[in-house]
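To start, the structure itself, in structure tokens.
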Amino acid sequence: MDGVTDPEEASGLPKRFDWERVEAEALLRWSQSPPAAPSGGEPFSMVVPPPNITGRLHMGHALNLTIQDVAARYQRQKGCDVLWIPGVDHAGIAAQNVVEKQLRTEGVDFKSLGREAFVERVWRWKESIGSGILEQIRRLGASLSWDHERFTMDPGFSRAVREVFVRLYEDGALYRAERMIHWCPRCLTALSDVEVTHLDRDGELFTVRYVDAERPEESLSVATTRPETVVADLALAVHPDDARFKGWVGRRVRVPMTDRTIPVVADAAVDPEFGTGVLKITPSHSMVDFEIGQRHALGNLSVIDEQGVMNAMAGPLSGLPRDKARIRAAEVLESAEALVGREPHKNAIGVCYRCQTEVEPRLSLQWFVRMGPLAVRAREAVSSGKIRFFPEGWQKTYYEWIDNIRDWCVSRQIWWGHRIPAWTCQDCHHLAVLREDPSVCPSCGGTNLVRDPDVLDTWFSSALWPFATMGWPDDTPDLRRFYPTSLLVTGFDILFFWVARMIMMGLYLTEQVPFRDVYIHALVRDEFGQKMTKSRGNVVDPLELMERFGTDAFRLSLALLATPGRDIRLSVERVEAARNFVSKLWSAFRYISLVVPPGTVPLADPAACQGIANRWILFELGRLEADYAKAMESYRYDEGALLVYRFTWSLFCDWYLEATKVDFERDPADPLREETARTLLTVGSVLLDLAHPLMPFVTEELSRLFGFANRCTGHAPQKAPLAGRIPSEWGESFERIRAIIGSVRQTRSVMKIPPTQEIPAVLVLSSRDAGDPEALWPFLARLGRLSRSGEPSLGGIRAPFRDGYLVLGLEGLVDFSREVDRLEKEIEKTAGKIAEISGRLGREDFVRKAPPEVVEKDRAQVVTLEEDRKGLEVALQQVRTFLGGQP
RNA sequence: AGGCGGAUAGCUCAGUCGGUAGAGCGCAGCUCUUACACAGCUGUUGUCGCGGGUUCGAUCCCCGCUCCGCCUACCA
């Protein structure tokens, strides 16, 4: 082996990007030395939408976190002091369900355990899964401020929750009352309005006859979808203006299946158009009926218990579950000849958003937050622009909800969560809501206190997330420096659940908006546009994709697809394409590592470059920097990603790297060699910076391997970006080369000349400022596989371009008829364009009314198109001559 | 029922402050040219959903319609 080394192995980067190793190393490094806060940097802060403790990383999280991490890294690169708080939500009902189920498999009913032991058990379970989902989030490369991790049930946070509850109560913004609420008969708890989702279901519309109590020969027919509630009817109602039923108001009818009679009342809530125009009123089992019942003092009669089973008051239906009771009710009504109609009917029913069980409207004693006053301020925060939504359109949805706000039921009949700090004195019935647990009744001094058994809605604590994570209600340095937060990134599905409530609570408790900007992203769907659900079985595991294609590729694919306001259809092909890009990037830097001599340093002054290609790529890079900044500042990370993608692949790799090969073939004494090597490093370093927020692993690895003092490696932002320092004409010469090469390649491809075959050629430049042919030739020779013909009048066909043409010596080599076709097509296309534009220019009103610069642009366009056509026509003529000359 | 969003190349989607429509994937042909075959080169495809209107000019703005998706809402 001595002295014999494979040059390929000896120098340069490994051929492939080994992301598995690089990611593992980087994650270790990042956990050991988190990014240091730059001194004097502006604060930039975010709080992560806390994932449920029960959760595993899914596509939604991956998208959400990728976007935030792009933001965090971008801001950090700008020199900001970034705080991005991680954390987990205790997920009341969901977590309780998990542990209940666990106990059930052990044959234990959680109720028999008792409250204290059960809650203890949930804590133990929480410890056992550790920070499971946060570990997965780390693997995404998410650069969170891990020393700030919070949990919604930790002591500090719990104190904040309690403080808020008491403060709201003291201010009269929180009250306890008996109201109609949504009840989930499976979770056995109240739900807030937003926790109920509506599903269209095929049901039946039954028409039931109620006979007059005095005159059995007269009756009213009533349409209902829930005949099982007939036994709870307390009235029938008709519209006050409905002439059909004028005489009925005030009379009484018999309730079928019972021996009760009920009044017929008039109420404007009845829609005379629907059904028979008569509505049966069941105050205890319907929201609107409850209200009508209130207006007419009908009282309440409940026939369904908390588990959804018909109770003792339900007469012949007693003991049956709701759905069975409906069938039985129809039978009983039919046999009593009270059922006069039955037809299929579609209606929307409310289900529990967690378990899909049909919810039951239920009258019960619950705690409510008075939303009206909070909503007024929350609306103003958005309409005044203090909070901005991206995309802006979500404002409307927000207002829609805010303007129709209803009080928020915040008590839940479960055990896992923040227990409500309210005590009732059994002696004097005083209700005490307190910051500290009482030992005696504050009112009568008695010791007979009973604590409210309920816990708070999980979203109640989530609403405090932006400031409670920073130590509120204490006045902390974090709050002073980082609150309000700069940006919130979240999905539209929790706009009401979370975003709106944070705004309300933030304004109420801190007198400030909780965040300035809200980036609202869409849902990640499968490649067919279907929502990913367990039941569909189309769930794609992000960790799997990360392992298969690398985390950078996965992140990049999400970023590229994340067009604001549009759902994302993720397919493996897209991730694969991003993986190919990462590969391409890696191999480009491998090339740099092979051609740039050791000890080379980046350009000291890019504006002093001489090389045609160097000037061009610096010009393009300057443009990229400017466009990229614009995209990133407006949260168009998809656009930023696309800009980086296109620059890297289509300009840097396809053209610039090829062009540098020309420079490296030059005489060893030529100063261009060094300039080009230095330009490669300069552009490479900046490019990695721009790509870094999107692809942190590969860019940091490359920056380290090259020893770049760029922002990926934690160095200070560059003082003067390229944008603005590169003259705008720096691109021109190389653009001409690109045009010429393009023309040659077309000809070559059409005429079936192998790419490797050299073609003798003569270059003719028509305009004086077209540049120095001597400078052009080395690039043409290499990139176009041309050899410079010494014969000035070389016979051959023409490859035309804007300000000149190339004569290609192709005699005897090729099928010229193809070239004729191609040129004719080109000419036709060009002529078509000329016709269109000059036609426009010929119209008098266009010239008069259109802006002068548009007219001018068109005129110039016609001139250049004419030049193109002339070039093409001459070329065509030339080929025809050859064809004629051939046998 | 009301509100919102979408309809652009075979597929997935950009885009145009109104002035000759783009990318990726796919497809076809040619290339193992010493960074990359996870690659290179060349080519291919569009009444920019339908009907009106405004305008010198509309894929883009306005009105109406059709289809698709979502959100809100107990017409029982």
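Every chain is numbered from 1, with letters handed out A, B, ... down the list of sequences. None of the values given here were measured: they were computed from a predicted structure.
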Q.
Using Watson-Crick or G-U wobble geometry with both distances under 3.5 Å, which nucleotide pairs with B:rU45?
A. none
Q.
Side chain of A:Ser583 only, heavy atoms from C-beta on: which candidate in B:rA76, B:rA73, B:rC38 is closest?
A. B:rC38
Q: Using the six-membered ring of A:Trp655, assess whether NZ or CZ of A:Arg782 lies under 6.0 Å from its centre and within 45 degrees of the ring axis.
A: no
(Q) Whole angstroms only, please: what is the CE-C1' distance between A:Met287 and B:rA76? (A) 15 Å
Q: May I ask you to check whether A:Trp394 and A:Phe492 place their ring centres under 6.0 Å from each other?
A: yes
Q. Out of B:rC36, B:rC74, B:rU44, which has the shortest distance to the side chain of A:Lys15?
A. B:rC36
Q) Quick one: the side chain of A:Arg579 and the base of B:rC38, do they pair up donor-acceptor inside 3.5 Å? A) yes
Q: Go ahead and name the base partner of B:rA1; Watson-Crick or wobble counts if both distances stay under 3.5 Å, otherwise write none.
A: B:rU72
Q: Classify the side chain of A:Thr224 versus the base of B:rA76 as yes if they form a donor-acceptor pair under 3.5 Å and no if they do not.
A: no
Q) Distance check: side-chain N/O of A:Arg566 vs OP1/OP2 of B:rA14, anything under 4.0 Å? A) yes
**Q.** Any side-chain donor near an acceptor of the partner, A:His296 and A:Asp267, under 3.5 Å
**A.** yes
Q: For nucleotides B:rC63 and B:rG26, find the distance between their P atoms and express it as a whole number of Å.
A: 41 Å
Q: May I ask you to say what A:Arg574 touches in the nucleic acid, namely base, sugar-phosphate or nothing, with a heavy-atom cut-off under 4.0 Å?
A: base
Q: For B:rA28 and B:rG10, measure between their C1' atoms and round to the nearest Å.
A: 14 Å
Q) Any side-chain N or O of A:Lys661 less than 4.0 Å from the OP1 or OP2 oxygen of B:rU34? A) no
Q | Geometric class of the A:Phe589/A:Phe652 ring pair [parallel <30°, tilted 30-60°, perpendicular >60°] | A | tilted
**Q.** Output field: ring centroids A:Phe647/A:Tyr656 closer than 6.0 Å
**A.** no
Q.
Under 4.0 Å, counting only non-hydrogen atoms across every strand here, what does A:Glu853 touch: a base, just sugar-phosphate, or nothing?
A. nothing
Q: Please state the P separation for the pair B:rC17 and B:rC62 - nearest whole angstrom.
A: 15 Å
(Q) Looking at B:rA37, I'd like to know if its phosphate oxygens (OP1 or OP2) sit under 4.0 Å from a side-chain N or O belonging to A:Lys584. (A) no
Q.
Applying the Watson-Crick and G-U wobble criteria at under 3.5 Å, what pairs with B:rC61? Answer none if nothing qualifies.
A. B:rG53
Q) Has A:Asn580 got a side-chain N or O lying under 4.0 Å from the OP1 or OP2 atom of B:rC36? A) no
Q. For A:Arg590 and B:rU34, is the shortest distance between a side-chain N/O and OP1 or OP2 below 4.0 Å?
A. no
Q | Upstream residue (5' side of RNA chain B) when A:Arg569 and A:Gly742 are each assigned their closest nucleotide | A | A:Arg569
Q: Ignoring backbone atoms, test whether A:Arg406 places a side-chain nitrogen or oxygen under 4.0 Å from the OP1 or OP2 oxygen of B:rC74.
A: yes
Q | Of the listed nucleotides B:rA76, B:rG24, B:rC70, the one nearest the side chain of A:Ala577 | A | B:rG24
Q: When you get a sec, tell me which of B:rA39, B:rG24, B:rG15 is the closest nucleotide to the side chain of A:Arg636?
A: B:rG15
(Q) Quick check: any donor-acceptor pair below 3.5 Å linking the side-chain of A:Glu273 to the base of B:rA76? (A) no
Q) Which atom names give the shortest non-hydrogen contact between A:Asp193 and A:Asp407, and what distance separates them? A) OD2-O, 4.3 Å
Q) Expressed in angstrom and rounded to an integer, what is the separation of A:Glu576 atom CD from B:rC38 atom P? A) 10 Å
Q.
Please determine whether a side-chain nitrogen of the Lys or Arg among A:Lys630 and A:Glu639 lies less than 4.0 Å from a carboxylate oxygen of the Asp or Glu.
A. no
Q.
Say we look at B:rC67 and B:rA23: how far apart would their C1' atoms be, to the nearest angstrom?
A. 27 Å
Q: Name the closest nucleotide to the A:Leu594 side chain, picking from B:rU42, B:rA35, B:rC75.
A: B:rA35
Q. Can you check whether A:Ser749 has a side-chain N or O nearer than 4.0 Å to OP1 or OP2 of B:rG43?
A. no
Q) Taking atom C1' in both B:rU45 and B:rA21, what distance in whole Å separates the two? A) 13 Å
Q: Pick the C1' atom in B:rC13 and in B:rG5, then give their distance to the nearest Å.
A: 15 Å
Q | Pairwise P distance for B:rG64 and B:rG46, with rounding to whole Å | A | 33 Å
Q: Kindly say if A:His198 contacts the phosphate of B:rC71, meaning a side-chain N or O under 4.0 Å from OP1 or OP2.
A: no
Q: Just name whichever nucleotide pairs with B:rC11, Watson-Crick or G-U, keeping both distances under 3.5 Å, else none.
A: B:rG24
Q.
Judged by each residue's nearest nucleotide on RNA chain B, which is more toward the 5′ side, A:Asp193 or A:Thr225?
A. A:Asp193
Q) Which part of the nucleic acid, if any, lies within reach of A:Trp649 when heavy atoms closer than 4.0 Å are counted: base, sugar-phosphate only, or nothing? A) sugar-phosphate
Q. With both distances under 3.5 angstrom, what nucleotide forms a Watson-Crick or G-U wobble pair with B:rU16?
A. none
Q. Does A:Trp394 have a side-chain nitrogen or oxygen under 4.0 Å from the phosphate oxygens OP1 or OP2 of B:rG5?
A. no
Q. Which part of the nucleic acid, if any, lies within contact of A:Asp654, taking any heavy atom under 4.0 Å across all strands shown: a base, the sugar-phosphate backbone alone, or nothing?
A. sugar-phosphate
Q) Quick one: is B:rG57 close enough that its OP1 or OP2 comes under 4.0 Å of any side-chain N or O from A:Lys849? A) no
Q: Answer yes or no: side-chain N or O of A:Lys396 and base N or O of B:rC4 forming a donor-acceptor pair under 3.5 Å.
A: no
Q.
In terms of relative ring orientation, are A:Phe497 and A:Tyr353 parallel, tilted or perpendicular, with 30° and 60° separating the classes?
A. parallel
